[in-house]
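Read the structure below first, then the notes.
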Amino acid sequence: MMDADDMIRRLSGPVSLRRRMAYVVALVMGLGGALAIGLLWATEERPPAIFGGFAVLCLAWACYGGWALTRRTPLFALDRVIGGWIAVAATWPLTLLTVALAVDRPGWAGWAGAAVNVVLALVAAVVLVRARSARAALLRRKRELGG
């Protein structure tokens, strides 16, 4: 028979190798993207401000990957919620921009890009909702066990 502490440990066990690799990819790709966009921004004669936004977004993914890799306590799906918020923050402004460009410059390519971004934004929103509900369920179970 397990006591409450054992059950709480099982609710959010050690991070799997697959998930750790995903965190490493987020960290490396975020740093690489921030470096590439930063170099592009620095070498442009009149850099657009959107480069700064993309660099900040890449740094956010790098911080997320680094933060998740260093956690030793149960996260209770907090990492998924934070990842979902970063995805929403990345896709929705990009979607609005591509839709505005598609309206401004009509053509099939613009609308195809806008459609892809709309799908990605909706997927990001669904991922966030599912992550929040999974976290709520885990925290509810933790409270029920008295942890």
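We're numbering straight along the sequence, starting at 1.
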Take L31 and L35, measure what side-chain contact (heavy atoms from CB on, under 4.5 Å) needs, and give me the verdict at the end. CA-CA 6 Å; L31 288 175; L35 180 65; over 6 Å; no

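As a member of the Ile/Leu/Val/Met/Phe/Trp/Tyr network built from side-chain separations under 4.5 Å, V127 groups with V119, V123. Grouping Ile, Leu, Val, Met, Phe, Trp and Tyr by side-chain contacts under 4.5 Å, direct or through others, leaves W108 on its own.
The backbone N or O of L69 lies less than 3.5 Å from a partner atom in the side chain of R20, making a donor-acceptor pair.
For the atom pair S133 OG and L138 CG, the distance stands at 9.5 Å (nearest 0.5 Å). Note: R80 CZ to R130 CZ = 10.0 Å, rounded to the nearest 0.5 Å. R140 CZ to R135 CZ: the interatomic distance, rounded to the nearest 0.5 Å, is 12.5 Å.
Under the 4.5 Å side-chain heavy-atom criterion for ILVMFWY residues, no single connected hydrophobic cluster contains both V126 and I82. Hydrophobic clustering of Ile, Leu, Val, Met, Phe, Trp and Tyr side chains at less than 4.5 Å, counting indirect connections, keeps L96 apart from L101. V116 and V103 are not part of a single hydrophobic cluster, where members link through side-chain heavy atoms under 4.5 Å apart. Placement of W61 and W67 within a single hydrophobic cluster is found when ILVMFWY residues are connected by side-chain heavy-atom separations under 4.5 Å, directly or transitively.
Among all heavy-atom pairs drawn from I37 and C58, the shortest one is CD1-SG, 4.0 Å. The minimum heavy-atom distance linking A114 with V99 is given by the pair CB-CG2, 3.9 Å. The nearest pair of heavy atoms linking A26 to G65 is CB-CA, 4.3 Å.
Y64 is not listed as a side-chain neighbour of L27, based on a closest heavy-atom distance of 4.5 Å or more. Residues F51 and E44 meet the side-chain proximity criterion, which asks for heavy atoms closer than 4.5 Å. No side-chain heavy atom of F54 sits under 4.5 Å from any side-chain heavy atom of L59. Counting heavy atoms from C-beta on, the side chains of L57 and I86 come closer than 4.5 Å. By the 4.5 Å heavy-atom criterion applied to side chains, V28 and V24 are counted as neighbours.
Each side chain to side chain donor-acceptor pair (under 3.5 Å) pair with one or both residues in residues 84-101, not counting sequence neighbours, appears once here: T98-N117.
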